[in-house]
Amino acid sequence: MSTRQNILVFRELPADQLARLQAAHSVTVADPKTDRAAFDAALPLAQALIGSSFPIDAAVLERAPALKVISSVSVGVDNYALAELHRRGILLCHTPGVLDETVADTVFALLMATSRRVVELSNLVREGRWTRNIGEEFFGFDVHGKTLGLLGFGRIGQAIARRAALGFGMPVRYHTRRPVDLAVQAPALLGHAEHRTLDALLAESDFVVAMLPLSDSTRGLIDARLFSRMKPGAIFINGGRGATVDEAALLAALDSGQLRAAGLDVFAKEPLPGESPLRTHPRVTPLPHIGSATHETRYAMNRLAVDNLLAALAGQRPAAVYDTAAA
Ligand SMILES: NC(=O)C1=CN([C@@H]2O[C@H](COP(=O)(O)OP(=O)(O)OC[C@H]3O[C@@H](n4cnc5c(N)ncnc54)[C@H](OP(=O)(O)O)[C@@H]3O)[C@@H](O)[C@H]2O)C=CC1
Ligand SMILES: O=CC(=O)O
């Protein structure tokens, strides 16, 4: 009996990684964003899915009765109907770890850009408006030595904390539901990072960085109340998921002067709609969800996702399985 199984690839993979799948299995490539009909046509026979950035919801799963495994080319799993996957016994794999340092670099780029007004002042030069020495109205805000408050202190949060504490001399405060045992999980941060309640963290932090997954417990968590508890003049950065933030409350906090600036890699709706005031707000630095978008890291994510899928289809335990039961 053939062990070749039907894989539906729903986002472009590097050619060599696609070839690894094709060598062992029957592969259909169909991106639902550009060819929904081909994606829908492949679902009924698909035993495995691999891709990202498309919601695999209960309606999609209903049309994929043969599905056994999904391999996401992302660490975040908010695009998947987790309870339904658990109910159907479908394995979900993802790509933790390989992107931590790159995403932390991106978050730090936003921290530096917002505090030192990099984009705004670069545009001033490019547009021929640098006609005299820069005065106080264009001065920035120091990063080194300031207090960093991290909402979420998992793999990526800790990579951000290492940069802040060890590179920039920043005291780090973090908020999670369960404090981390630094001696065991993050020894490099012993003496540099401390757990805080949410309100205590907001009151102390000059920079508040959200690096949270999107879940029932984090959706809309960062709302008007939280912005009002931040230090006046704080900078807010979101590198996690857009829907953890009430964007209207964020805009109000910027407009009232409560927030100095915001750096955003993620938005409630992506791509960011043209009419969103966050696109052009003078004190917002928006990025198009590029946290992990380097050649090296995207390749590593694709390779891990293919490793995960091939292992699962061979009846082995993949390296990175997401526990849908805990969702
Ligand atoms: N911008 C981008 O391109 C990228 C964005 N991401 C996003 O970043 C997220 C985090 O990734 P990663 O660090 O690997 O994930 P981890 O699972 O390692 O860390 C998640 C952290 O969030 C905390 N957390 C979860 N729920 C809550 C809550 N309700 N209140 C407070 N803290 C909470 C967890 O602690 P505890 O459970 O104890 O509360 C943990 O510290 C991903 O899920 C993804 O959405 C990831 C990669 C790239
Ligand atoms: O947002 C990216 C991810 O890997 O999750």
Side-chain angles (χ1 to χ4, degrees), residues 11 50-56 70-80 82 92-111 149-163 172-182 185-186 189 193 195-202 208-223 226 237-245 263-268 270-272 285-294 297-305 308 320-324 326-327:
R11 184 174 171 154
I50 181 168
S52 67
S53 310
F54 183 78
I56 305 295
I70 300 176
S71 185
S72 187
V73 191
S74 67
V75 66
V77 292
D78 45 290
N79 264 325
Y80 303 93
L82 300 177
L92 177 63
C93 306
H94 65 149
T95 62
V98 293
L99 41 52
D100 298 349
E101 302 300 331
T102 297
V103 180
D105 286 349
T106 305
V107 166
F108 241 86
L110 280 174
L111 222 113
L150 275 164
L151 306 179
F153 192 63
R155 291 168 292 250
I156 302 170
Q158 290 174 27
I160 297 166
R162 287 193 296 277
R163 282 159 178 72
V172 174
R173 309 292 178 242
Y174 73 92
H175 176 71
T176 52
R177 292 164 298 180
R178 292 167 291 269
V180 168
D181 183 347
L182 291 178
Q185 292 169 262
L189 291 169
H195 185 264
R196 289 287 187 272
T197 63
L198 192 47
D199 281 10
L201 177 144
L202 299 175
V208 176
V209 172
M211 206 60 237
L212 291 164
L214 180 61
S215 68
D216 289 348
S217 73
T218 61
R219 187 178 295 278
L221 176 73
I222 305 164
D223 60 6
L226 263 63
I237 308 288
N238 192 5
R241 283 291 184 267
T244 62
V245 175
L264 308 171
D265 187 42
V266 287
F267 298 88
E270 297 178 1
L272 185 61
T285 303
L287 290 179
H289 200 147
I290 56 155
S292 64
T294 64
T297 293
R298 281 291 167 83
Y299 185 81
M301 291 167 68
N302 281 302
R303 187 175 50 198
L304 175 54
N308 283 334
V321 173
Y322 185 86
D323 181 7
T324 53

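Counting starts at 1 for both ligands and their atoms, in listed order.
Partners of Asp78 by side chain to side chain donor-acceptor pair (under 3.5 Å), not counting sequence neighbours, listed by chain and number: Arg241. In this structure Pro179 satisfies the side chain to side chain contact (heavy atoms under 4.5 Å, CB included) test together with Tyr174, His195, sequence neighbours excluded.
When heavy-atom distances to ligand 1 are checked against 4.0 Å, the residues falling inside are Val75, Gly76, Leu99, Val103, Gly152, Phe153, Gly154, Arg155, Ile156, His175, Thr176, Arg177, Arg178, Met211, Leu212, Pro213, Ser217, Thr218, Gly239, Gly240, Arg241, Asp265, Val266, His289, Gly291, Ser292, ordered by chain and number.
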From CA spacing to verdict: side-chain hydrogen bond (donor to acceptor under 3.5 Å, both in side chains), Ser53, Arg11
CA-CA 8 Å; Ser53 310; Arg11 184 174 171 154; 2.6 Å; yes
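Closest heavy-atom contact between Ile156 and Asp100: CG1-OD1, 3.6 Å. Residues Gly157 and Met211 share a closest heavy-atom pair of N-CG, 4.0 Å.
Here the OG-CG distance, from Ser292 to Leu99, works out to 5.5 Å after rounding to the nearest 0.5 Å.
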Could you list each N/O atom of ligand 2 together with any protein N/O atom closer than 3.5 Å, one pair per line with the distance?
residue	atom	partner	partner atom	Å
ligand 2	1 (O)	Arg241	NH1	2.9
ligand 2	1 (O)	Arg241	NH2	3.3
ligand 2	1 (O)	His289	NE2	2.7
ligand 2	4 (O)	Val75	N	2.8
ligand 2	5 (O)	Val75	N	3.4
ligand 2	5 (O)	Gly76	N	2.8
ligand 2	5 (O)	Arg241	NH2	2.8

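Checking Thr297 against Thr102 by side-chain atom types alone, a donor-acceptor pair falls below 3.5 Å.
Taking the side chain as every heavy atom from C-beta outward, Asp265 and Asn238 never approach each other to under 4.5 Å. Considering only heavy atoms from C-beta on, Asp105 comes within 4.5 Å of Arg163 through its side chain.
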